[in-house]
Amino acid sequence: GPAYDDALVLGDAKTGQITALRLDQERRAFVLTRGLTDLVADTPGERDSLVIGRGFGLVSDIDVGPDRHVYVLSYSRGLLYRISGDATSVTLQGFTLE
């Protein structure tokens, strides 16, 4: 949704997590807060502050569809997830790939 319009969303193939990094107004740098101002996520809390989703298995692709939903392709689970909602309510649907 609009909360992530100015964010880079990344899938982690090792942990199955989805991370979001906010971009500044010029879209040239990341906006890092809390303990991340030193540019190093060196504690579990700092790393977890960037995570917006878990449990996707080996994430091989993330994209926004024409319907404005986020789609996450999980290679290891053979599923295509559709994520919809806003910051207060999220719906996750998994579709089996054949």
Side-chain angles (χ1 to χ4, degrees):
Y4 295 100
D5 281 348
D6 288 321
L8 176 65
V9 179
L10 307 162
D12 187 329
K14 182 177 179 182
T15 65
Q17 296 176 338
I18 297 175
T19 303
L21 296 168
R22 307 257 178 229
L23 295 165
D24 67 8
Q25 284 187 324
E26 292 81 30
R27 299 175 67 86
R28 294 183 186 184
F30 297 116
V31 177
L32 300 172
T33 59
R34 295 175 248 170
L36 296 172
T37 55
D38 64 355
L39 305 179
V40 180
D42 49 6
T43 67
E46 290 176 356
R47 287 188 298 273
D48 287 347
S49 71
L50 301 172
V51 175
I52 61 171
R54 288 180 164 70
F56 290 94
L58 195 156
V59 176
S60 60
D61 197 14
I62 299 174
D63 206 348
V64 177
D67 57 3
R68 302 280 299 148
H69 296 301
V70 174
Y71 290 85
V72 178
L73 184 60
S74 173
Y75 178 79
S76 59
R77 296 176 190 248
L79 292 172
L80 175 66
Y81 294 97
R82 180 176 67 189
I83 304 170
S84 58
D86 57 30
T88 59
S89 176
V90 175
T91 302
L92 178 65
Q93 292 177 295
F95 302 92
T96 304
L97 303 174
E98 295 182 21

For this session: Apply side-chain contact (heavy atoms from CB on, under 4.5 Å) to L36 and L50, showing your working.
Result: CA-CA 10 Å; L36 296 172; L50 301 172; 3.6 Å; yes

Problem set entry | Derivation of the side-chain contact (heavy atoms from CB on, under 4.5 Å) call for Y71 and V64 | CA-CA 6 Å; Y71 290 85; V64 177; over 6 Å; no

Exercise. Stepwise, does the side-chain contact (heavy atoms from CB on, under 4.5 Å) test hold for V70 with V9?
Worked result: CA-CA 10 Å; V70 174; V9 179; 5.6 Å; no

For this session: Begin with the C-alpha distance, continue with both residues' side-chain angles, and end with the deciding distance and a verdict on side-chain contact (heavy atoms from CB on, under 4.5 Å) for L21 and L10.
Result: CA-CA 8 Å; L21 296 168; L10 307 162; 3.9 Å; yes

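Of all heavy-atom pairs between Y81 and G55, the closest is OH-O, 4.3 Å. The minimum heavy-atom distance between S74 and G57, with the atom names listed, is OG-CA, 4.1 Å. Counting all heavy atoms, side chain and backbone alike, I62 lies closest to V59 at CG1-CG1, 3.9 Å. Across all their heavy atoms, V51 and R47 have their closest contact at CG2-O, 3.7 Å.
A distance of 4.5 Å separates CG in D42 from CD in E46, rounded to the nearest 0.5 Å. Rounded to the nearest 0.5 angstrom, Q17 CD and F56 CZ are separated by 10.5 Å.
No side-chain heavy atom of D24 sits less than 4.5 Å from a side-chain heavy atom of F30. Counting heavy atoms from C-beta on, the side chains of T19 and D12 never come closer than 4.5 Å.
Hydrophobic clustering, with ILVMFWY side chains joined whenever heavy atoms are under 4.5 angstrom apart, keeps L73 apart from Y75. When hydrophobic clusters are built by joining Ile, Leu, Val, Met, Phe, Trp and Tyr residues whose side-chain heavy atoms come closer than 4.5 Å, directly or via intermediates, L39 is grouped together with L8. By the rule that hydrophobic residues join a cluster once side-chain heavy atoms approach within less than 4.5 Å of another member, L79 and L58 end up as members of separate clusters.
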